[in-house]
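All remarks here apply to the structure that follows.
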Amino acid sequence: KVLMLTSSVPAEGKSMSAVALATSFAKLGQKTLLIDADLRNSRLLTTLDLPRYNGAGLAGLLSGQSDSIDAETTQVEQFGFDFLPIGHTPPNPVELLASARFGQLADQALQHYDQIVVDGPPMLLLSDAVELSRSVSGIVYVIEANRIKLRAIENSLNRLEGAGAKVFGAIVTKVPPSSAGYGYGYGYGYGYGYGNAPAEA
């Protein structure tokens with residue numbers, strides 16, 4: 001009921017995939033909440049074309065500045081789901097995500113929602129995503145075609161599984177049309193390393 005999307009690095013299409021997944025659940029008749037939990041580098045307000053948010057948001061809920069999810073969520077009528085922004089960027093993201101508070105908030109939200117989709121932070125070299133993974137049902141890993149070396153992906157998945165996370169599967173994004181007819185293992189070489197795409201979520 002609580003799915004978190006993460007990726008190896010920013011700009012792999014993670015946020016767009018989270019929006020697409022939440023939209024799909026909503027179209028299936030599931031009351032859906034999309035949570036922006038990329039506390040260091042959020043792009044969801046831009047992705048959803050929403051105005052600047054001045055409320056407490058997720059960061060405020062995690063830090064105790066707010067105690068009402070309902071007060072912090074907004075309905076995105078265009079896509080059919082509700083949205084919880086991060087609020088203001090906190091100075092201590094990993095501490096907030098490592099606390100038990102996120103799991104408590106998710107349990108509270110599930111009293112009103114059928115499905116929760118979490119746009120989580122990318123793995124990078126930080127522990128934000130690993131800490132957050134302890135409070136969700138499972139992980140969907142987002143992979144941009146032709147960008148990240150397979151070994152880096154395997155290392156990230158091992159970190160998540162080592163923390164007890166359940167990885168449900170992966171979404172491959174930005175697949176070149178010329179590769180659409182090939183299997184995942186045959187079409188991509190992962191020879192490009194990090195940093196070849198624009199720095200966006």
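None of the values given here were measured: they were computed from a predicted structure.
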Tell me, do [X] and [Y] make a side-chain contact under 4.5 Å, heavy atoms counted?
X      : Y      : answer
Leu5   : Val117 : yes
Pro176 : Asn146 : yes
Met123 : Leu160 : yes
Glu72  : Tyr53  : yes
Asp36  : Leu84  : no
Val2   : Val118 : yes
Lys166 : Ile139 : no
Glu144 : Ser7   : no

List the atom of [X], the atom of [Y], and the distance in Å for their closest heavy-atom pair.
X      : Y      : answer
Ala37  : Pro121 : O-CD, 3.5 Å
Val130 : Arg159 : CG2-NH2, 3.7 Å
Ile153 : Ser8   : CG1-OG, 3.9 Å
Phe81  : Thr32  : CB-O, 3.4 Å
Gly13  : Val142 : C-CG1, 4.0 Å
Pro10  : Asn41  : CB-ND2, 4.3 Å

[X] (side chain) donor-acceptor with [Y] (main chain) under 3.5 angstrom:
X      : Y      : answer
Thr173 : Glu12  : yes
Ser42  : Leu39  : no
Tyr141 : Val172 : no

Please lay out, stage by stage, how Leu132 and Met4 fare under the test side chain to side chain contact (heavy atoms under 4.5 Å, CB included).
-> CA-CA 8 Å; Leu132 186 57; Met4 183 181 89; 3.4 Å; yes

Using a 3.5 Å cut-off and no angle test, enumerate the donor-acceptor pairs between side-chain atoms of residues 56-64 and protein atoms at least two apart in sequence or in another chain.
from  : atom 1 : to    : atom 2 : distance (Å)
Ser63 : OG     : Ala59 : O      : 3.0
Ser63 : OG     : Gly60 : O      : 3.3

Please collect all salt bridge (charged side-chain N to carboxylate O under 4.0 Å, His left out) contacts where either partner lies in residues 126-137, sequence neighbours excluded, each pair once.
-> Arg40-Asp128, Glu131-Arg134

Are Leu21 and Phe79 joined in one hydrophobic group, where the rule is that I, L, V, M, F, W and Y side chains link up if heavy atoms are under 4.5 Å apart?
-> yes

Would a hydrophobic clustering, with Ile, Leu, Val, Met, Phe, Trp and Tyr connected at side-chain separations under 4.5 Å, put Val9 with Val94?
-> no

Contacts of [X] that satisfy side chain to side chain contact (heavy atoms under 4.5 Å, CB included) - sequence neighbours left out:
X      : answer
Glu161 : Asn158, Val167
Glu154 : Leu150, Arg151
Ser68  : Asp70, Ala71

Would you please test Val136 and Phe102 for side chain to side chain contact (heavy atoms under 4.5 Å, CB included) and show each step?
-> CA-CA 9 Å; Val136 300; Phe102 187 92; 4.2 Å; yes

Separation between CE of Met16 and CG of Asp119, rounded to the nearest 0.5 Å | 11.0 Å

Candidate pair Phe25 and Leu3, rule side chain to side chain contact (heavy atoms under 4.5 Å, CB included), full reasoning | CA-CA 11 Å; Phe25 281 125; Leu3 295 177; 4.0 Å; yes

Scan Val76, Leu33, Val19 and name whichever one has a side chain to side chain contact (heavy atoms under 4.5 Å, CB included) with Phe83.
-> Val76

Do Leu44 and Ile86 pass the side chain to side chain contact (heavy atoms under 4.5 Å, CB included) test, and can you show the C-alpha distance, the side-chain angles, and the key distance before you say yes or no?
-> CA-CA 9 Å; Leu44 267 179; Ile86 66 164; over 6 Å; no

Determine all donor-acceptor pairs shorter than 3.5 Å in which one atom belongs to a side chain in residues 104-116; sequence neighbours excluded.
from   : atom 1 : to    : atom 2 : distance (Å)
Tyr113 : OH     : Asp82 : OD2    : 2.6
Asp114 : OD2    : Lys31 : N      : 2.8
Gln115 : NE2    : Lys1  : O      : 3.0

Lys/Arg N to Asp/Glu carboxylate O, Arg43 vs Asp38, below 4.0 Å | no

